[in-house]
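Let me begin by presenting the structure, written as structure tokens, before commenting on it.
The chains referred to below are lettered A, B, ... by the order of the sequence lines, with proteins before strands, and numbering in each begins at 1.
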Amino acid sequence: LTAHGVIISGFCKNGKLDKAIEAAENMVKSGLVPDQMILTAIMDVHFKSGNIKAGLDLYKEILARGFEPDAVTLSIIVDGLCKKGNLNEARDYLCREKANDFIYCPYIDAVCKEGNFSEIEKVLKEMSKVGFSLNKYFYTSWIAGLCQKGYLVEAFRVKRRMVEEGIELDLLTYSSIMFGLSSKGLMVEARQVFDDMLSSGIDPDFVVYDILFRGYRKQGNEAGILGVQDEMRNRGI
RNA sequence: GCCGGAAGGC
């Protein structure tokens, strides 16, 4: 069974849904029953390819087979619905016994991208009532949302709160902030955040440099552009 | 660290 699982999830990761389903059908033919992991993986592919209905149908099938939906299964559904903009529907899957803080992440992310920051405060209260604490991903999504909308002051406030709670910023947190700064043309500040990141021991990746690069290019800052290109070359990116 | 399933930056 595990061997089949490896094969099927491999197909799923490569987006070869048809082959994954084929493999699952072959399993059934040879008398094996796919377990929850296998079904969940296939469900995930449905959602990621935008086929919400197929995903939900498979979810029903999982229930019908007597599997208890666990946090992973639910979070895939929430993620799928959120990315399609069905936030209301997604909310139905949030407040369940099996929930963990992971489940909230895609929802928070979607709410942030909508710029619905009052909803965030609401969810925040709800989460703490149920006993979940905010994690890194929650904060990063929040910060990224604020930065994209240009609310940099708010973003820095959230960042400070994050640090106060002892949560470390990671590459994505930094790059979200840098994106916010550089899309407002605040390259000096963006560069400073970048240096902060380096001194906290985080290695930059292509995206981070690209953010700087675009910022400098928009300003026609030749020296900045060349500097970024040099650094990238030195790091082998 | 990974060794079958989920989330955040361009």
Are A:Phe213 and A:Phe206 close enough that their ring centres sit under 6.0 Å apart?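 Judged by ring-centre distance (under 6.0 Å), A:Phe213 and A:Phe206 do not meet the cut-off.
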Counting only heavy atoms and a strict 4.0 angstrom limit, can you tell me which residues of residues 179-206 of chain A come near RNA chain B?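 Within residues 179-206 of chain A, the residues near RNA chain B are A:Phe179, A:Asp205.
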Which of residues 156-163 of chain A have a heavy atom under 4.0 Å from RNA chain B?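 The stretch gives none, as no residue of it lies under 4.0 Å from the strand.
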Proximity to the side chain of [X] - top-ranked nucleotide from [options]:
| X | options | result |
| --- | --- | --- |
| A:Asp109 | B:G8, B:C10, B:A6 | B:G8 |
| A:Asp35 | B:G8, B:G4, B:A6 | B:G4 |
| A:Gln36 | B:G5, B:A7, B:G9 | B:G5 |
| A:Asp210 | B:C10, B:A6, B:G9 | B:C10 |
| A:Asp70 | B:G5, B:G8, B:G9 | B:G5 |
| A:Leu171 | B:A6, B:G9, B:G8 | B:G9 |
| A:Ala41 | B:G8, B:A6, B:G5 | B:G5 |
| A:Lys48 | B:G8, B:A7, B:C10 | B:A7 |
| A:Cys105 | B:G9, B:A7, B:G8 | B:A7 |

Does the base of B:G9 carry an N or O that pairs as donor and acceptor with the side chain of A:Ser175 under 3.5 Å? yes
Any donor-acceptor N/O pair under 3.5 Å between B:G8 base and A:Ser141 side chain: no
Let me know the distance between [atom1] of [X] and [atom2] of [N], rounded to the nearest Å.
| X | N | atom1 | atom2 | answer |
| --- | --- | --- | --- | --- |
| A:Asp44 | B:G4 | CG | P | 17 Å |
| A:Ile103 | B:A6 | CD1 | P | 14 Å |
| A:Met43 | B:G4 | CE | P | 20 Å |
| A:Leu134 | B:A7 | CG | C1' | 15 Å |
| A:Ile77 | B:A7 | CD1 | P | 14 Å |
| A:Lys113 | B:A7 | NZ | P | 12 Å |
| A:Lys136 | B:G9 | NZ | C1' | 13 Å |
| A:Asn100 | B:G5 | CG | P | 16 Å |

Would you mind classifying the nucleic acid contact of [X] as base, sugar-phosphate or nothing, using non-hydrogen atoms under 4.0 angstrom?
| X | result |
| --- | --- |
| A:Ser9 | sugar-phosphate |
| A:Val208 | base |
| A:Ile42 | nothing |

N/O donor-acceptor pair under 3.5 Å between A:Gln219 side chain and A:Gly185 backbone: yes
Between A:Asn14 and A:Lys16, is there a donor-acceptor pair closer than 3.5 Å when you use the side chain of the first and the backbone of the second? no
To the nearest 0.5 Å, how far apart are CE in A:Met178 and CG in A:Leu212?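 Answer for the CE-CG pair, A:Met178 versus A:Leu212, is 3.5 Å.
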If the threshold is 4.0 Å, N to carboxylate O, is there a salt bridge linking A:Lys29 and A:Glu25?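 So A:Lys29 does not pair with A:Glu25 through a salt bridge.
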Any salt bridge linking A:Glu126 with A:Lys129? Criterion: basic side-chain nitrogen under 4.0 Å from a carboxylate oxygen. no
Is it the case that the side chains of A:Tyr216 and A:Gln229 hold a donor-acceptor pair, with the cut-off being a distance below 3.5 Å and no angle test? no
A:Asn116 and A:Ser118 side chains, donor-acceptor separation under 3.5 Å: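 Result is yes, a qualifying pair exists.
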Do A:Val72 and A:Met37 have side chains that approach each other closer than 4.5 Å (heavy atoms only, starting at C-beta)?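 Of all side-chain heavy-atom pairs linking A:Met37 with A:Val72, none is under 4.5 Å.
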Can you check whether A:Met197 reaches A:Thr173 side chain to side chain, under 4.5 Å on heavy atoms?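 In short, these two side chains do not touch, never coming nearer than 4.5 Å.
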Students often mix this up, so state it plainly: with edges at 30° and 60°, are the rings of A:Tyr59 and A:Tyr93 parallel, tilted or perpendicular? perpendicular
Can A:Tyr174 be called stacked on B:G9 when the rule is centres closer than 5.5 Å and an angle between planes below 30°? no
Reckon A:Lys13 has a side-chain N or O less than 4.0 Å from the OP1 or OP2 of B:C2? no
